[in-house]
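Report on the structure given below.
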Amino acid sequence: MSLTLTAPYAEAPAPAACAPVLAPRERETLRHIAAGRTYLQTARHMGLSKHTVDAYLRRIRAKLNISSTAELTRLAISLGL
C-alpha cells in the first residue's frame, strides 16, 4: 500500500503576483480602507469624492475577484500596504 500526501485544496495565486495590476491610486485607496478609514475619510485624505473611492474599490474587487472588505484588508496586509 502506498500513501500519498496532497494539499486539501488549491491555493489562490500569491497576492504579490496580483500587485502590478493595481494602479497607484487604487493601492492608496486600498491602504486607507484596510487601515479602517471610511470611504468619506479616505476621500478627504486623497482629495477625491467618496464616489471615486467607491469606484476604485469596485475596480479592485472586480480585478482581483474579491467580494468583502475583510478580503481587501487581507490583501492589503499581504501586499505590505
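Here, residue 1 is the first one in the sequence, and each next residue gets the next number.
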**Prompt:** Going through the distances and angles, do Y56 and L48 end up as a side chain to side chain contact (heavy atoms under 4.5 Å, CB included)?
**Reply:** CA-CA 11 Å; Y56 284 155; L48 305 169; 3.6 Å; yes
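Note that NE2 of H45 and CZ of R31 are 7.0 Å apart. Values are rounded to the nearest 0.5 Å. The distance from the CD atom of E71 to the OG1 atom of T73 is 10.0 Å, given to the nearest 0.5 Å. Between the CG atom of L79 and the CG atom of L75 there is a distance of 4.5 Å, given to the nearest 0.5 Å. The structure places CD1 of I66 at 7.0 Å from CZ of R74, a figure rounded to the nearest 0.5 Å.
Using a 4.5 Å heavy-atom threshold, the side chains of M46 and R25 count as touching. Using a 4.5 Å cut-off on side-chain heavy atoms (C-beta onward), L57 and Y39 make contact. The shortest side-chain heavy-atom distance between L22 and L64 falls under the 4.5 Å cut-off.
Within a 6.0 Å radius of NZ in K63, more than 12 heavy atoms belonging to other residues, nucleotides or ligands are found.
The minimum heavy-atom distance linking L30 with A76 is given by the pair CG-CB, 3.9 Å. Pairing each heavy atom of G36 with each of Q41, the nearest pair is O-OE1, 4.4 Å. The minimum heavy-atom distance between R61 and L72, with the atom names listed, is NH2-CD1, 3.4 Å.
Each of I77 and V21 belongs to its own hydrophobic cluster when Ile, Leu, Val, Met, Phe, Trp and Tyr are linked at side-chain heavy-atom distances under 4.5 angstrom.
Look at R58 and D54 and you find a salt bridge, because one of the NZ, NE, NH1 or NH2 atoms lies within 4.0 Å of a carboxylate O, short of that distance.
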